[in-house]
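What follows is a single structure, written as structure tokens, with notes after it.
Here is how names work: the chains are called A, B, and so on, in the same order as the sequence lines, proteins then strands, and each is numbered from 1.
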2 protein chains.
Amino acid sequence: MELDVEPVARESTAGIIARQLRAAITTGSLAPGAQLGEAELANQFQVSRGPLREAMQRLVQEGLLRSEPHRGLFVVDLEPEDVYDLYAARTAIESAAAIRVIRTDPRPVGELWTAHERMTSAADREDPAAVSDADLEFHERLVALSGSKRLARMMRTLMVETRMCLTALQRTYADVRERVTEHGAIIEAIAAGDERLATALLERHMEDAVRRLAPGTSLFASRSEG
Amino acid sequence: MELDVEPVARESTAGIIARQLRAAITTGSLAPGAQLGEAELANQFQVSRGPLREAMQRLVQEGLLRSEPHRGLFVVDLEPEDVYDLYAARTAIESAAAIRVIRTDPRPVGELWTAHERMTSAADREDPAAVSDADLEFHERLVALSGSKRLARMMRTLMVETRMCLTALQRTYADVRERVTEHGAIIEAIAAGDERLATALLERHMEDAVRRLAPGTSLFASRSEG
DNA sequence: GATCGTATGATTGTCAACAATCCGCGGGTT
DNA sequence: AACCCGCGGATTGTTGACAATCATACGATC
């Protein structure tokens with residue numbers, strides 16, 4: 001009787017709603033700065049305000065929602081400094097993930113080639129949305145490969161914010177080929193077990209992203225600007 | 001009329017309760033694995049179950065509480081693999097913070113000497129609790145210095161988990177002098193603007209901590225064990 | 001005697017009503 | 001015209017009650 005099944009009913013209502021709210025923010029149907037009316041949302045989800053409020057508290061903790069007591073909950077709007085901060089945080093998480101993959105078992109890094117191929121084909125048929133999807137999938141899979149619960153949880157939040165950036169700034173940013181190439185180089189560096197190279201490539205990849213999103217600025221320079 | 005005051009009433013009830021719950025977990029009065037009875041806790045906080053449940057959802061999102069639907073909420077108990085994971089995550093966050101401090105403005109790193117001194121004096125009068133306090137304060141201040149909202153938020157959660165480790169394993173771990181020395185070296189490396197050295201020292205500092213907590217094992221080796 | 005089924009108590013999940021706060025509008029005053 | 005005051009509608013915060021689920025103990029059956 002040793003069949004290793006996973007327990008049923010493992011997700012609470014608040015968890016489900018939280019996931020959907022995250023998705024709504026990702027797609028932009030909940031725009032940055034928008035207020036989340038409890039009555040309206042509760043109606044849409046077909047639940048009462050109780051479970052909805054519990055779910056929203058999760059996103060507050062994630063930093064995806066901002067709470068103004070007695071006034072309401074709002075989708076955070078990302079200031080320019082947040083763009084730097086976001087990508088700096090991603091650099092930290094993803095570099096750590098890459099190192100961990102290298103030190104434990106670099107072999108399954110090959111899985112990343114599937115996301116890489118998907119991104120290539122999306123680029124060929126010039127489908128910006130699909131390109132972004134594959135792009136982010138690459139990064140999220142990388143962190144998932146590390147097997148770290150904590151890195152994965154942090155990454156999930158950062159992914160949502162990344163998409164907020166992309167849709168807010170309306171930049172599915174060009175230079176697709178360059179990004180694909182960079183991804184490939186990262187995979188190879190990890191497969192080769194070269195920590196220094198992998199982290200350097202990741203850092204540069206992020207630098208490029210920030211430059212594309214907020215031209216003329218750079219990572220790790222948030223103090224000099226407002 | 002340009003006095004820059006910060007808005008009043010900026011914290012919701014859920015936020016306050018969440019903070020107290022976090023504190024209760026750090027002190028160990030909410031032990032790992034313990035169930036959080038809603039009725040009992042609500043009584044202690046003198047609120048109804050609604051706001052309490054909202055607060056608890058925040059900790060679930062942080063990974064400090066584990067939710068078993070229709071059964072209850074429990075304080076997570078840290079498995080051996082979590083110790084590795086925790087310190088790997090801390091390495092990621094703190095290294096990134098150090099780098100960011102170096103690249104923006106290394107000067108205020110001097111503030112860390114106060115925590116360093118506090119740790120030294122606590123060591124002299126052989127007060128293990130005060131040593132741990134000063135130790136963690138050092139690390140948290142380092143991340144705060146980075147000025148990164150995201151790194152700071154992640155760090156707060158990791159600090160709670162770190163304390164859970166310490167109290168659970170009953171190791172305020174010895175070698176106090178060694179740790180103090182390491183802290184000093186980290187400060188100097190940052191002040192000197194040496195990224196490589198600072199991150200290397202931080203990583204080694206974490207390695208040592210893991211070794212002290214779970215002897216015979218090492219960071220980044222979670223896959224080889226169960 | 002072991003196992004299954006059932007009843008009971010306790011706990012969690014959900015809801016709708018009530019209280020408190022905030023926002024906008026109109027009236028009045030200077 | 002600008003400002004202050006206060007009212008009404010709307011939204012958020014909180015509560016206690018109800019429904020659903022789970023854990024435990026007891027008794028029946030094989």
Side-chain angles (χ1 to χ4, degrees), chain A residues 1-3 5-21 24-25 30-77, chain B residues 1-3 5-21 24-25 30-77:
Chain A
M1 291 284 281
E2 295 243 350
L3 53 160
V5 297
E6 53 190 273
V8 302
R10 71 203 162 293
E11 193 164 24
S12 67
T13 308
I16 298 173
I17 298 177
R19 197 153 36 79
Q20 300 206 30
L21 286 177
I25 294 176
L30 278 178
Q35 180 170 8
L36 282 72
E38 297 187 358
E40 181 190 343
L41 274 177
N43 252 317
Q44 293 189 15
F45 285 115
Q46 284 298 310
V47 294
S48 81
R49 287 169 49 217
L52 173 65
R53 284 172 62 90
E54 292 178 12
M56 295 196 296
Q57 288 300 319
R58 290 203 187 190
L59 301 212
V60 169
Q61 178 60 39
E62 280 185 277
L64 261 28
L65 295 182
R66 169 175 45 92
S67 164
E68 294 189 12
H70 294 286
R71 207 155 307 175
L73 292 168
F74 304 81
V75 180
V76 295
D77 33 10
Chain B
M1 293 285 279
E2 296 241 351
L3 53 160
V5 298
E6 54 190 274
V8 302
R10 73 204 161 295
E11 194 164 23
S12 68
T13 308
I16 298 172
I17 298 178
R19 196 153 37 78
Q20 299 206 31
L21 286 177
I25 294 177
L30 278 178
Q35 180 169 8
L36 283 73
E38 297 185 359
E40 182 189 344
L41 274 177
N43 253 320
Q44 293 189 16
F45 285 116
Q46 285 296 310
V47 295
S48 77
R49 286 170 49 216
L52 173 64
R53 284 172 60 92
E54 292 178 12
M56 294 195 296
Q57 288 300 319
R58 290 203 187 189
L59 302 211
V60 169
Q61 178 60 40
E62 281 186 278
L64 261 29
L65 296 182
R66 169 175 44 93
S67 164
E68 294 189 12
H70 294 287
R71 206 154 308 173
L73 292 168
F74 304 81
V75 181
V76 294
D77 33 10

Rounded to whole Å, the CG-P distance (B:Asn43 to D:dT15) equals 11 Å

Quick check for you: to the nearest 0.5 Å, what is the distance between B:Leu41 atom CG and B:Leu30 atom CG? 6.5 Å

Touch check for B:Leu52, heavy atoms < 4.0 angstrom, all strands: base, sugar-phosphate only, or nothing? nothing

Donor-acceptor under 3.5 Å (A:Gln57 side chain, B:Arg53 main chain): no

Provide, to the nearest angstrom, the distance between the CZ atom belonging to B:Arg66 and the C1' atom belonging to C:dT12. 16 Å

Is it the case that the base of C:dG13 and the side chain of B:Arg71 share a donor-acceptor contact (distance under 3.5 Å, atom types as modelled)? no

Can you list the steps and then say if B:Val75 with B:Leu65 is a side-chain contact (heavy atoms from CB on, under 4.5 Å)? CA-CA 5 Å; B:Val75 181; B:Leu65 296 182; 4.1 Å; yes

Atom-pair distance (CG on A:Leu36; P on D:dT11), nearest Å: 14 Å

Could you measure the distance from the CG atom of A:Leu36 to the CG atom of A:Leu59? Nearest 0.5 Å is fine. 8.0 Å

Check the distance between C:dT11's P and B:Glu68's CD and give it to me in whole angstrom. 16 Å

Counting the atoms with a prime plus P, OP1 and OP2 as sugar-phosphate, which does A:Ser12 contact under 4.0 Å by heavy atoms, base, sugar-phosphate, or nothing? nothing

Can you work out whether B:His70 or A:His70 has the more 5'-proximal nearest nucleotide on DNA chain C? B:His70

Does B:Gly50 reach a base, just sugar-phosphate, or nothing at all? Heavy atoms under 4.0 Å. base

Could you tell me the separation between the NE2 atom of B:His70 and the OG atom of A:Ser12, rounded to the nearest 0.5 Å? 9.5 Å

Rounded to the nearest 0.5 Å, what separation is found between the CZ atom of A:Phe45 and the CG atom of A:Leu21? 4.5 Å

Would you mind reading off the distance between A:Phe74 atom CZ and C:dC23 atom C1', rounded to a whole angstrom? 12 Å

So, does B:Arg53 get its side chain near the phosphate of C:dG13, meaning an N or O under 4.0 Å from OP1 or OP2? yes

Nearest-Å distance for atom pair CG/C1', residues A:Leu41 and D:dT12: 14 Å

Can you identify which nucleotide, out of C:dT14, D:dT15, C:dA17, has its nearest atom closest to the B:Ser48 side chain? D:dT15

Report the distance from atom CD of A:Glu54 to atom CE of A:Met56, rounding to the nearest 0.5 Å. 10.5 Å

Taken to the nearest whole Å, CD/B:Glu40 to P/C:dA10 is 15 Å

From A:Gln46 atom CD to A:Leu52 atom CG, the distance as rounded to the nearest 0.5 Å: 12.5 Å

Please tell me which of the listed nucleotides, C:dC15, C:dA17, C:dG13, lies nearest to the side chain of B:Arg49? C:dG13

Looking only at side-chain atoms of B:Thr13, point me to the closest of C:dT11, C:dG13, D:dT14. D:dT14

Axial bend angle, the helix from C:dG1-D:dC30 to C:dT30-D:dA1: five-pair end segments, nearest 10°: 10°

Expressed in angstrom and rounded to an integer, what is the separation of A:Ile16 atom CD1 from C:dT14 atom C1'? 14 Å

On DNA chain C, more 5' by nearest nucleotide between B:Ala39 and A:Val47 is B:Ala39

For A:Gln35 and D:dT11, is the shortest distance between a side-chain N/O and OP1 or OP2 below 4.0 Å? no

